[in-house]
Amino acid sequence: MLLVAVATAGLLGCAQKNESQEDENEEGHALLGVIQAVDEEGLTLTVAHEEIPDFMPPMTMVFRVGPGDVQVFKEGDQIRARMIRDEDGGFRLIKIWKIDDKAASEMRKVNERLAKEAEKLASGYYLAEGDTFPEFALLDQYGNTVTPAQYEGKPFMLNFIFTRCTDGEMCPLSTSKMASLQKMAADAGLEKLEFISVSLDPQYDSPGVLRAYADAYGIDGKNFKFVTGEREAVRQLIKTMALTRIEADDDIIHSLATVLVDGDRKIVMRSTKKTWEPAAFLEAAKAL
Ligand SMILES: [Cu+2]
């Protein structure tokens with residue numbers, strides 16, 4: 001067991017401490033701490049954590065983490081996570097999120113506007129071609145905030161996926177097609193076109209999980225952001241796109257929406273089919 005006892009009481013005084021998105025029945029223990037070291041090769045984070053009530057006093061420990069987590073986080077980051085035990089008894093952190101009150105409050109302001117836009121839609125209505133894509137603020141696979149406002153003057157492709165999706169015809173195929181469209185656009189000299197994939201599973205898809213997912217597909221993250229964040233913001237986005245999303249056991253049953261948005265944030269092309277064609281979107285993007 002990799003335990004180093006260090007007093008770390010009172011490390012975190014932030015408001016965000018209590019704003020985790022955890023459910024009562026989530027596995028493991030809620031953990032708050034500060035990263036002391038990142039081991040990229042060993043895939044571990046050394047974290048000085050606060051007391052875990054009824055389980056562990058404050059101490060500094062080495063935790064196993066995912067391959068994306070060692071890319072996203074750095075020494076000094078304040079984090080919240082879930083601590084679980086691997087089968088061999090080793091401690092692992094999952095669902096790791098950086099605590100950043102300033103960024104969180106700025107994102108919340110944007111997402112309040114998103115909620116207002118979603119509320120304005122009468123029931124049964126969604127944003128279609130010709131409508132303005134709503135504002136949102138989510139975190140990408142680098143831990144940076146993404147909002148459509150950052151894309152002013154640049155068209156973007158946007159779709160919805162989640163990393164644990166096992167239906168080969170749904171998310172895995174969509175991601176492959178987005179990745180090939182990214183290549184096709186680059187080959188066509190369409191440098192302005194950007195790509196955004198919104199996670200349908202923000203509770204599981206932390207920035208580190210999305211980082212590992214993008215890497216597994218060999219995706220160049222320069223103009224392709226996988227985003228996640230506030231569950232409520234994702235829910236509102238789903239509503240504006242009229243997506244189905246039903247949680248069933250460990251799975252999420254969902255429909256698809258793939259849109260092309262122009263530099264003025266107007267939706268110019270929208271498909272809800274599994275069979276959406278990258279070539280058709282490429283042609284539409286070329287015409288912008
Ligand atoms: Cu899926």
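Quick caveat: nothing in here was measured; it's all calculated off a predicted structure.
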- Item | Side chain to side chain, I252 and I246, heavy atoms closer than 4.5 Å | no

- Message: Does E169, at its CD atom, have more than 12 non-hydrogen atoms belonging to other residues, nucleotides or ligands within less than 6.0 Å?
- Response: no

- Query: Do NZ/NE/NH1/NH2 and the carboxylate oxygens of R64 and D88 come within less than 4.0 Å?
  - Reply: yes

- Query: ring pair (Phe, Tyr, Trp, His ring centres under 6.0 Å) with Y151: which of F133, F156, F136?
  - Reply: F156

- Item | Within 45° cone and under 6.0 Å: R92 NZ/CZ vs F63 ring | no

- Kindly indicate, with the supporting measurements, whether the criterion side chain to side chain contact (heavy atoms under 4.5 Å, CB included) is fulfilled by W97 and I79. CA-CA 5 Å; W97 295 81; I79 55 160; over 6 Å; no

- Would you indicate whether Y142, at its atom OH, is surrounded by more than 12 heavy atoms from other residues, nucleotides or ligands within a distance under 6.0 Å? yes

- Message: Donor-acceptor check, side chain of Q36 to backbone of V34, threshold 3.5 angstrom: yes or no?
- Response: yes

- For side chain to side chain contact (heavy atoms under 4.5 Å, CB included), just list the numbers for M56 and M83, CA-CA rounded to whole Å, side-chain angles, deciding distance to a tenth of an Å, and then say yes or no. CA-CA 11 Å; M56 208 182 259; M83 179 177 76; 4.1 Å; yes

- Item | Atom of S255, atom of T244 and distance for their closest heavy-atom approach | OG-N, 2.8 Å

- Message: Nearest 0.5 Å, please: how far is CZ in R108 from CD in E232?
- Response: 12.5 Å

- Task: May I ask you to decide if A128's main-chain N or O and D131's side chain share a donor-acceptor pair within less than 3.5 Å?
- Result: yes

- Determine, stepwise, if the pair T46 / T60 fulfils side chain to side chain contact (heavy atoms under 4.5 Å, CB included). CA-CA 7 Å; T46 305; T60 295; 3.5 Å; yes

- Message: Which heavy atom of D77 sits nearest to which heavy atom of V72, and what is that distance?
- Response: OD2-O, 4.5 Å

- Residues L139, V227; criterion side chain to side chain contact (heavy atoms under 4.5 Å, CB included); working and verdict: CA-CA 5 Å; L139 289 174; V227 298; over 6 Å; no

- Query: Between the side chains of T258 and N159, does any donor sit under 3.5 Å from an acceptor?
  - Reply: no

- Message: Does this structure show an ion pair linking D264 with K266, if we count only N-O contacts that are shorter than 4.0 Å?
- Response: no

- Query: Is the count of non-hydrogen atoms from other residues, nucleotides or ligands lying under 6.0 Å from F55 atom CZ greater than 12?
  - Reply: yes

- Backbone of E27 reached by a side-chain donor or acceptor of R82 within 3.5 Å: yes

- Query: Are any of the side-chain nitrogens in E117 or R113 under 4.0 Å away from the carboxylate oxygens of its partner?
  - Reply: no

- Task: Using modelled atom types only, decide if a donor and an acceptor are shared between the side chain of T240 and the backbone of L237 within a distance under 3.5 Å.
- Result: yes

- Message: To check you understand the geometry: which heavy-atom pair defines the closest contact between V209 and Y204, and what is its length?
- Response: CG2-O, 3.7 Å

- Message: Who clusters with Y217? Use side-chain heavy atoms, under 4.5 angstrom, across I, L, V, M, F, W and Y, and order the result by chain and number.
- Response: M157, I161, M178, L181, M184, L190, L193, F195, L210, Y213, I219, F224, F226, L260, V268, M269, W276, F281, L282, L288

- Message: Looking only at side-chain N and O atoms, does D205 offer a donor or acceptor that is under 3.5 Å from a partner on T163?
- Response: yes

- Tightest non-hydrogen contact, residues P278 and S180, listed as CG-OG, 4.5 Å

- Would you indicate whether D54, at its atom CG, is surrounded by more than 12 heavy atoms from other residues, nucleotides or ligands within a distance under 6.0 Å? no

- Message: If only side-chain N and O atoms count, and only distance matters, is there a donor-acceptor pair under 3.5 Å linking N223 with Q182?
- Response: yes

